[in-house]
Amino acid sequence: MVCRSPQDITDDLALEGHEAQRTTCVLVGDSTTDIQAAQAAGVGSIGYANKAGKIEALAEVGADAVIRQMTELATALRDAPRGW
């Protein structure tokens with residue numbers, strides 16, 4: 001399931017009407033607030049460090065994984081501890 005913004009998740013719009021479990025959903029975001037929204041919603045999070053300095057910030061806020069390029073996304077999903 002792909003969500004376009006943290007608001008989608010926090011309002012449960014992304015999960016509403018779908019048979020998805022929160023444990024199988026993940027938000028990919030490029031800000032610390034994206035990661036915090038995912039945590040608040042009880043879904044996984046992958047930080048996208050698309051600018052210098054974001055790797056540390058996304059990791060510190062608790063992203064389940066951090067990637068630097070979208071080409072790393074499939075690997076991050078496959079290797080995730082949550083088993084997405």
Side-chain angles (χ1 to χ4, degrees):
M1 175 174 298
V2 176
C3 303
R4 290 180 177 77
S5 74
Q7 191 65 42
D8 288 345
I9 289 179
T10 56
D11 287 345
D12 288 329
L13 295 177
L15 300 174
E16 192 174 301
H18 298 279
E19 294 182 16
Q21 299 295 315
R22 292 180 188 277
T23 57
T24 64
C25 295
V26 61
L27 179 137
V28 178
D30 67 349
S31 71
T32 56
T33 54
D34 290 341
I35 304 308
Q36 291 167 332
Q39 292 167 340
V43 301
S45 61
I46 296 178
Y48 175 42
N50 57 349
K51 294 182 182 171
K54 284 192 174 186
I55 292 172
E56 295 81 12
L58 294 167
E60 285 177 13
V61 78
D64 294 307
V66 178
I67 61 173
R68 290 176 288 198
Q69 299 176 20
M70 281 296 168
T71 56
E72 300 170 351
L73 183 56
T75 301
L77 289 168
R78 184 191 67 222
D79 296 344
R82 289 177 170 239
W84 302 302

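FYI, side chains are in, hydrogens and waters are out, and symmetry mates aren't considered; it's all heavy atoms of this structure. Throughout, numbering of the chain's residues begins at 1 and tracks the sequence.
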Under 3.5 Å: donor-acceptor pair, side chain of Q39, backbone of V61: yes

Shortest non-hydrogen contact from [X] to [Y]?
X: A65; Y: A76; value: CB-CB, 4.3 Å
X: S45; Y: V26; value: N-CG2, 3.8 Å
X: R68; Y: E72; value: N-OE1, 2.7 Å
X: V28; Y: Y48; value: CG1-CB, 4.3 Å

NZ-CG distance between K51 and D30, expressed to the nearest 0.5 angstrom: 7.5 Å

Criterion side-chain contact (heavy atoms from CB on, under 4.5 Å) against I46, the qualifying member of V66, L77, L27: L77

Cluster check I67, I55: I/L/V/M/F/W/Y, side chain < 4.5 angstrom: no

